[in-house]
**Student:** 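Please see the structure below; I have some questions.
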Amino acid sequence: MSSHLSEQELIRRDKLKQLEELGIEAYPAPMFGVNCNSQQILSEYDDVAKNLQDVNIAGRVMSLTPKGKITFAKIQDEKGKIQLFMSIDNICPGEDKTLYEKVIKHILDIGDIVGVKGEVFITKTGETSIRVKHFQLLAKALRPLPVVKEKDGETFDAFTDPEQRFRQRYVDLVVNPQVRETFIKRTAMIKTIRDYLNDHGAMEVDTPVLQNIPGGAAAKPFITHHNALDVPFYLRIANELYLKRLIVGGFDFVYEFSRNFRNEGMDRTHNPEFTVLEFYVAYKDYFWMMDFTEKMVEQIAIALHGTTDVILGDKTINFKAPFKRVSIYDAILEYTGFDISAMDEEQLLDVCKKLHIETDKTMGKGKLVDEIFGAKCEGNFIQPTFIIDYPVELSPLTKKHRSKPGLVERFELMVNGKEIANAYTELNDPLDQRARFEEQAKLQERGDEEAMFIDHDFLRALEYGMPPTSGIGIGIDRLAMLMTNQASIQEVLFFPQMRPEAQD
RNA sequence: GUUUCCGUAGCUCAGCUGGUAGAGCAAUACACUUUUAAUGUAUGGGUCUCGGGUUCGAAUCCCGACGGGAACACCA
C-alpha cells in the first residue's frame, strides 16, 4: 500500500482535474440503464435483420485502439467482451468535438468503466461491434490495469504472480477470464448440491460459528473472547454436534454449508477457514449414505462438465456411480501384502517397522492402522472409492460396527488420492458416547491438542433419544478443486488467507 | 514448523564470472475514419523488497529480515 504514486497514477489523477474542468463527473450517481450484455449481442445480432439498433451497455475498457478520427475499444461486462466503434462524427455530430478529442482520445484509459448507447453492426474485418452514439464515463480508474493480450489462443504478458493475484483478486478476476470460470463453476457446484438436497427433502439450517465447546472434529481451534459475557469462545471446527441436536429435535434431514476454522498449517490443500457441507439424515445408515453421496457427486460432475469424466491434471476421473467400496483392511492387504485384520498392537508395530513407517509410543491400534493406510494406500485411490470400516479409536462419534468388533460404521470417499468426504452411521447411544468422550478427555490430559472436549449438552441431547442417523461431511473446497482441475485451494477461494501486507 | 527456489518500471521478463539498469506491452506527445497483440515517429518512467557486511565499486557476492511459490511434516 505505497503512498508513493507512480507516473501513471499521477497522470490519471491529473485526468480527474481535466474532467472537472470540462464539467464531466468522473463518478456519476445516476443509474445507467443497461438493456443488454456482450454475450447477447454476439449471439443474437443478425446482420440481415439489422436488429439490436438501440443497445445500452456498460463495462470496463480493456483495450483502446485509437486511429485518428475513430477509436476502437473493447469493453468487458460480466458476460464477456464486445468491441466499440467510436467515431468523431457519431459521438460529436455538432460543432463541439470535445467529448471525442479530449475525453475519448486523451482522458479515457484502459480500466475505466463506461456506458454507451448505439447500434450493433459488423465491421469490415467481420467483428460484431457497437457503433457508439452516446458515450458516458461511469467510473475513472486511477490505477493502471495489467494489459493481457492474446493472439491465436496464445496469451501475452498474462497477470500471473500468485501473490498479486490472490491479494488483489479483483484485478485477477478482471484480467484472467479462466479465473472467473473457476469461481462460476464453484458456485454452480454448490447450487447443484443445494438443489439435490432440497429435492430430497432436506432443510438448510444455520448453526453457531461461535461455540464455547468446539466439537465434532479433532482439530486445533481458534479462540476468541466475548466481552459482554466475559467468556472465551471458539470458532467452530465442525458443525456436526449442532446438526445432530437438530435431528434430536425432530428435523429428519438437515444440512449446512459450514465455514470451519482450524488453527493449523497452511498449504496448497489447507486454508485456515474452509467450507464443509455436512448433512444428517434420520433413520438411515452409512450404506444408504454411500448410495446417496455417489449419486450426488455424479450429478455434480454432469452439471459442470456434461459428463462423468472429469479431467484432473494428466488424469481423468470417472465419477460414474456406483463407486468402488473397499474396507480399510482390504486396502492395506492389497497395497502392503499384510493381513492386519486380526493383529494386536504389537503385531501392528512390527508391520509398521517392516514398512518403514515411523511410529511413536502414543499411537494406539487405531492410529497405527491409520498410519499404514495413509502412508501406503491413500495415494493409490485415484478413481472415486469408498474406504469403509475404520478402527473405533479414531472415530469417537461413530456407531460401532454391526458385525465387526473393533470397527465402526464409517466411510471416507477418496478421489485422486485425497479424502473428500467422511461419513458415519452416527453414534446415538448416549452411554457409549459418554464413554468415548471420556477416552478423548484422557488423551487431552496427555497433551493431545486435537482431542475432543466433552460436550455435556450434546450428551444430554442424546439422552433424550436421537433416531438412528447417518451423517456426512464433504470438503467443498477440495471437491471444487477436483471439479475445476485446480491443484491449489487458493485457486478455488476468492480470498485465500495471506500474511497481512505491510502498511505504511 | 523444516527444506528449497524466488522478489528488477504499472504488467511480463532480460541483466553471464561485481563497473550505480534494459526490452515488449502499458503511459505521454504527434499522425492516421474499419483496427484485431493496429502501425509509425519521438519522449518520460526504477531507494533493482528492506537492513547490514565484503569491496575503490553491489541488482549481481555474504549475513539477516519481510513477502511469495514448491516439497515435507500436521491436518480436511
Side-chain angles (χ1 to χ4, degrees), chain A residues 2 4-12 14-15 63-74 81 83-91 100 105-106 109-111 121-127 129 131 141-168 171-172 175-176 216-220 237-238 258 260-278 358 370 374 412-414 418-422 449-450 473-479 481 487-490 496 498-502 504:
Chain A
S2 174
H4 167 80
L5 295 178
S6 70
E7 181 194 37
Q8 296 199 39
E9 289 174 300
L10 290 170
I11 288 167
R12 288 182 179 218
D14 184 61
K15 288 176 176 178
S63 70
L64 280 169
T65 309
K67 262 187 67 67
K69 293 189 170 56
I70 59 167
T71 293
F72 291 95
K74 293 225 166 96
K81 289 182 189 157
Q83 178 166 270
L84 306 183
F85 172 88
M86 298 184 284
S87 74
I88 191 164
D89 297 337
N90 284 317
I91 299 220
Y100 183 83
K105 279 191 77 176
H106 291 279
D109 283 309
I110 289 171
F121 74 112
I122 293 177
T123 63
K124 273 186 190 167
T125 49
E127 180 156 349
S129 307
R131 183 180 289 114
L142 294 182
R143 288 174 183 263
L145 203 61
V147 176
V148 181
K149 298 206 172 183
E150 212 179 291
K151 187 180 188 177
D152 302 330
E154 207 180 333
T155 302
F156 300 82
D157 300 332
F159 180 63
T160 53
D161 177 37
E163 179 169 3
Q164 295 207 75
R165 286 186 48 231
F166 301 148
R167 286 196 196 279
Q168 300 187 58
V171 176
D172 192 29
V175 303
N176 288 324
K220 287 180 209 149
I237 55 174
S258 173
N260 294 345
F261 304 83
R262 298 191 185 174
N263 207 341
E264 294 165 354
M266 292 166 63
D267 61 27
R268 71 178 206 295
T269 57
H270 296 83
N271 194 64
E273 57 183 293
F274 61 103
T275 303
V276 173
L277 165 70
E278 291 203 30
E358 280 183 39
D370 192 48
E412 292 192 353
L413 174 57
M414 313 293 305
K418 298 254 163 52
E419 175 199 339
I420 63 153
N422 182 18
E449 284 181 273
E450 295 183 353
I474 299 174
I476 291 298
D477 310 304
R478 296 273 177 88
L479 190 60
M481 288 166 66
S488 165
I489 199 168
Q490 297 170 113
M498 306 279 281
R499 272 213 153 74
E501 277 181 278
D504 56 25

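So you know, we letter chains A, B, ... as the sequences are listed, proteins then strands, and number each from 1.
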**Student:** In whole angstrom, what separates A:Met266's CE from B:G67's C1'?
**Tutor:** 13 Å
**Student:** Expressed in angstrom and rounded to an integer, what is the separation of A:Asp157 atom CG from B:G24 atom C1'?
**Tutor:** 6 Å
**Student:** Counting the atoms with a prime plus P, OP1 and OP2 as sugar-phosphate, which does A:Gln164 contact under 4.0 Å by heavy atoms, base, sugar-phosphate, or nothing?
**Tutor:** sugar-phosphate
**Student:** Say we look at B:U34 and B:G46: how far apart would their P atoms be, to the nearest angstrom?
**Tutor:** 38 Å
**Student:** Grab the NZ-C1' distance between A:Lys149 and B:U39 for me, whole Å please.
**Tutor:** 11 Å
**Student:** So if I take every side-chain heavy atom of A:Ile110 and compare against B:G68, B:U34, B:A27, which nucleotide ends up nearest?
**Tutor:** B:A27
**Student:** Using only modelled atom types and a 3.5 angstrom limit, is any donor from either the side chain of A:Asp267 or the base of B:A73 paired with an acceptor on the other?
**Tutor:** yes
**Student:** To the nearest Å, give me how far apart CG (A:Leu64) and C1' (B:A27) are.
**Tutor:** 12 Å
**Student:** What does B:G57 pair with, Watson-Crick or G-U, if both distances are under 3.5 Å?
**Tutor:** none
**Student:** Does any nucleotide pair with B:U3 by Watson-Crick or G-U wobble geometry, both distances under 3.5 Å, and what is it?
**Tutor:** B:A70
**Student:** Which part of the nucleic acid, if any, lies within reach of A:Glu127 when heavy atoms closer than 4.0 Å are counted: base, sugar-phosphate only, or nothing?
**Tutor:** base
**Student:** Between the protein and nucleotides 40-49 of chain B, list the N/O to N/O atom pairs that are separated by less than 3.5 angstrom.
**Tutor:**
unit_1, atom_1, unit_2, atom_2, d
B:G44, O2', A:Glu7, OE2, 3.1
B:G44, N2, A:Glu7, OE1, 2.3
B:G44, N3, A:Glu7, OE1, 3.4
B:G44, N3, A:Glu7, OE2, 3.3

**Student:** In this structure, how many angstroms lie between the P atom of B:A9 and the CG atom of A:Asp161, rounded?
**Tutor:** 11 Å
**Student:** Under 4.0 Å, heavy atoms only, any strand: does A:Gln490 hit a base, just the sugar-phosphate, or nothing?
**Tutor:** sugar-phosphate
**Student:** Do we see A:Phe274 stacking on the base of B:A76, given a limit of 5.5 Å between centres and 30° between planes?
**Tutor:** yes
**Student:** Between B:A29 and B:A14, how many Å separate the two P atoms, rounded to a whole number?
**Tutor:** 32 Å
**Student:** When you match A:Glu150 and A:Val276 each to their closest nucleotide on RNA chain B, which lands nearer the 5' end?
**Tutor:** A:Glu150
**Student:** Rounded to whole angstrom units, what separation is found between the CD1 atom of A:Ile88 and the P atom of B:C32?
**Tutor:** 10 Å
**Student:** If only side-chain N and O atoms count, and only distance matters, is there a donor-acceptor pair under 3.5 Å linking A:Ser87 with A:Asp89?
**Tutor:** no
**Student:** For B:A42, give its Watson-Crick or G-U wobble partner with both distances under 3.5 Å, or none.
**Tutor:** B:U28
**Student:** Taking only side-chain N and O atoms of A:Arg131, does any of them lie within less than 4.0 angstrom of OP1 or OP2 on B:U34?
**Tutor:** no
**Student:** Taking only the side-chain heavy atoms of A:Thr160 (C-beta and beyond), determine which of B:U33, B:U12, B:U34 contains the nearest atom.
**Tutor:** B:U12
**Student:** What's the gap between B:C13 and B:U8 when it is taken at their P atoms, as a whole Å value?
**Tutor:** 9 Å
**Student:** Given B:U33, B:U28, B:A76, identify the nucleotide with an atom nearest to the side chain of A:Glu419.
**Tutor:** B:A76
**Student:** Under a 3.5 Å limit for both distances, which nucleotide forms a Watson-Crick or G-U wobble pair with B:U34, could you say?
**Tutor:** none
**Student:** So what does A:Arg165 hit on the nucleic acid, given a heavy-atom distance under 4.0 Å: a base, only sugar-phosphate, or nothing?
**Tutor:** nothing
**Student:** Which part of the nucleic acid does A:Ala158 contact within heavy-atom distance under 4.0 Å: base, sugar-phosphate only, or nothing?
**Tutor:** sugar-phosphate
**Student:** Want to settle it: does A:Arg478 or A:Arg499 sit nearer the 5' end of RNA chain B, counting the closest nucleotide to each?
**Tutor:** A:Arg499
**Student:** Taking atom C1' in both B:U4 and B:G19, what distance in whole Å separates the two?
**Tutor:** 32 Å
**Student:** Base, sugar-phosphate, or nothing: which does A:Asn271 touch, judged by heavy atoms less than 4.0 Å apart?
**Tutor:** base
**Student:** Using a 4.0 Å heavy-atom cut-off across all strands, classify A:Arg268 as base, sugar-phosphate, or nothing.
**Tutor:** sugar-phosphate
**Student:** Among the nucleotides B:U34, B:A29, B:G67, which one has an atom lying closest to any side-chain atom of A:His106?
**Tutor:** B:A29
**Student:** Give a yes or no on whether a donor-acceptor pair under 3.5 Å exists between the nucleobase atoms of B:U33, that is its base, and the side chain of A:Thr71.
**Tutor:** no
**Student:** Do A:Ser129 and A:Phe121 make a side-chain contact, defined as non-hydrogen atoms from C-beta onward lying under 4.5 Å apart?
**Tutor:** yes
**Student:** Can you check the distance between B:A76 and B:C61, where both ends of the measurement are the C1' atom (answer in whole Å)?
**Tutor:** 44 Å
**Student:** By nearest atom, which of the nucleotides B:A70, B:U34, B:G68 is closest to the A:Lys67 side chain?
**Tutor:** B:U34
**Student:** Nearest-Å distance, CD (A:Gln83) to P (B:A37)?
**Tutor:** 11 Å
**Student:** Give me the distance, rounded to whole Å, that separates B:G64 from B:G7 when you measure between the C1' atoms they each carry.
**Tutor:** 16 Å
**Student:** For B:G64, which nucleotide in any strand shown is its Watson-Crick or wobble partner with both distances under 3.5 Å?
**Tutor:** B:C50
**Student:** Describe the nucleic acid contact of A:Thr65 in one word from base, sugar-phosphate, nothing, applying a heavy-atom distance below 4.0 Å.
**Tutor:** base
**Student:** Rounded to whole Å, please give me the gap between CZ in A:Phe72 and P in B:C32.
**Tutor:** 16 Å
**Student:** At under 4.0 Å between heavy atoms, what does A:Tyr100 touch on the DNA or RNA strands: base, sugar-phosphate, or nothing?
**Tutor:** nothing
**Student:** Under 4.0 angstrom, heavy atoms only, what part of the nucleic acid is A:Lys74 near: base, sugar-phosphate, or nothing?
**Tutor:** base
**Student:** Got a second to check how far A:Asn260's CG is from A:Thr275's OG1, nearest 0.5 Å?
**Tutor:** 7.5 Å
**Student:** If you check the A:Lys15 side chain, which of B:A38, B:A27, B:U34 turns out closest?
**Tutor:** B:A27
**Student:** In whole Å, what separates the C1' atom of B:U47 from that of B:U43?
**Tutor:** 24 Å
**Student:** With the side chain of A:Glu163 defined as its heavy atoms from C-beta on, choose the nearest nucleotide among B:C11, B:A76, B:G68.
**Tutor:** B:G68
**Student:** Looking at B:G22, which nucleotide sits across from it as a Watson-Crick or G-U wobble partner, both distances under 3.5 angstrom, or is there none?
**Tutor:** B:C13
**Student:** Report the nucleotide, chosen from B:G67, B:U34, B:C11, that has the shortest atom-to-atom distance to any side-chain atom of A:Phe159.
**Tutor:** B:C11
**Student:** Where the side chain of A:Phe156 is concerned, which of B:A37, B:U33, B:G67 is the nearest nucleotide?
**Tutor:** B:A37
**Student:** Could you grab the distance from atom CD of A:Glu273 to atom CG of A:Asn263, nearest 0.5 Å is fine?
**Tutor:** 12.0 Å
**Student:** Rounding to an integer number of angstrom, what distance separates B:A9 and B:C25 when you compare their C1' atoms?
**Tutor:** 12 Å
